[in-house]
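Some notes on the structure that comes next.
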Amino acid sequence: MTTKSSKPTPGPWRAEQASPNPTPVQWLIAGGKPGCYLAEIRDSGLGDPEADARLIAAAPELLEKLKLLVEAVEYHCRIVDWPFDALDAARAAIAKAEGEAK
């Protein structure tokens with residue numbers, strides 16, 4: 001179980017092919033240190049494991065950029081008093097990523 005004080009493994013994260021030969025584990029998500037593997041990506045038959053690995057590896061940067069975007073939109077919305085429903089969805093996604101979603 002995660003808590004509000006828990007922190008994710010520092011990035012950058014990257015997707016690495018586990019083996020050039022077909023194996024159950026096709027992609028690994030590597031953390032910020034050599035030999036630090038965060039996840040194994042297996043072929044579920046539902047999608048592309050390489051695409052899944054790239055998306056997971058991009059998660060820390062996506063979260064960081066989403067926070068910056070929300071901050072910029074909040075600033076401009078205060079100036080023009082412009083309602084922006086997508087902002088609530090972005091805040092909810094950030095809370096989910098940070099373990100604060102209810």
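Because the structure is predicted, anything quoted here is derived from the model rather than measured. Throughout, numbering of the chain's residues begins at 1 and tracks the sequence.
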Who clusters with L46? Use side-chain heavy atoms, under 4.5 angstrom, across I, L, V, M, F, W and Y, and order the result by chain and number.
none

Just do the salt bridge (charged side-chain N to carboxylate O under 4.0 Å, His left out) check on R42 and E40 with the steps written out, would you?
CA-CA 6 Å; R42 300 170 183 266; E40 299 176 348; 3.1 Å; yes

Taking all heavy atoms of A57 and all of A15, pick out the closest pair and write down the distance.
CB-N, 3.7 Å

Could you pull out the closest heavy-atom pair between I41 and P49, with the gap in Å?
CG2-O, 3.5 Å

In sequence, state the C-alpha distance, the side-chain angles, and the governing distance for E71 and K67, and then conclude on salt bridge (charged side-chain N to carboxylate O under 4.0 Å, His left out).
CA-CA 6 Å; E71 186 178 304; K67 287 178 175 181; over 6 Å; no

With a 6.0 Å cut-off (strictly less than), is the heavy-atom count around CD of E50, excluding the residue itself, greater than 12?
yes

Co-membership, hydrophobic cluster, residues L87 and L69, 4.5 Å side-chain:
yes

I'd like to check [X] versus [Y] (side-chain heavy atoms, cut-off strictly below 4.5 Å). Are they in contact?
X	Y	result
I94	L66	yes
W13	L38	yes
L62	L55	yes

Full working for side-chain contact (heavy atoms from CB on, under 4.5 Å) between Y37 and E16
CA-CA 10 Å; Y37 293 104; E16 296 180 355; 3.1 Å; yes

For R14 and G31, indicate whether the former's side chain and the latter's backbone hold a donor-acceptor pair under 3.5 Å.
yes

After noting the C-alpha distance and the side-chain angles of R91 and E74, does the key distance pass the salt bridge (charged side-chain N to carboxylate O under 4.0 Å, His left out) rule?
CA-CA 11 Å; R91 286 187 195 111; E74 286 174 338; 2.9 Å; yes

Can you measure from CG (L28) to CD1 (I56) and round to the nearest 0.5 angstrom?
11.0 Å

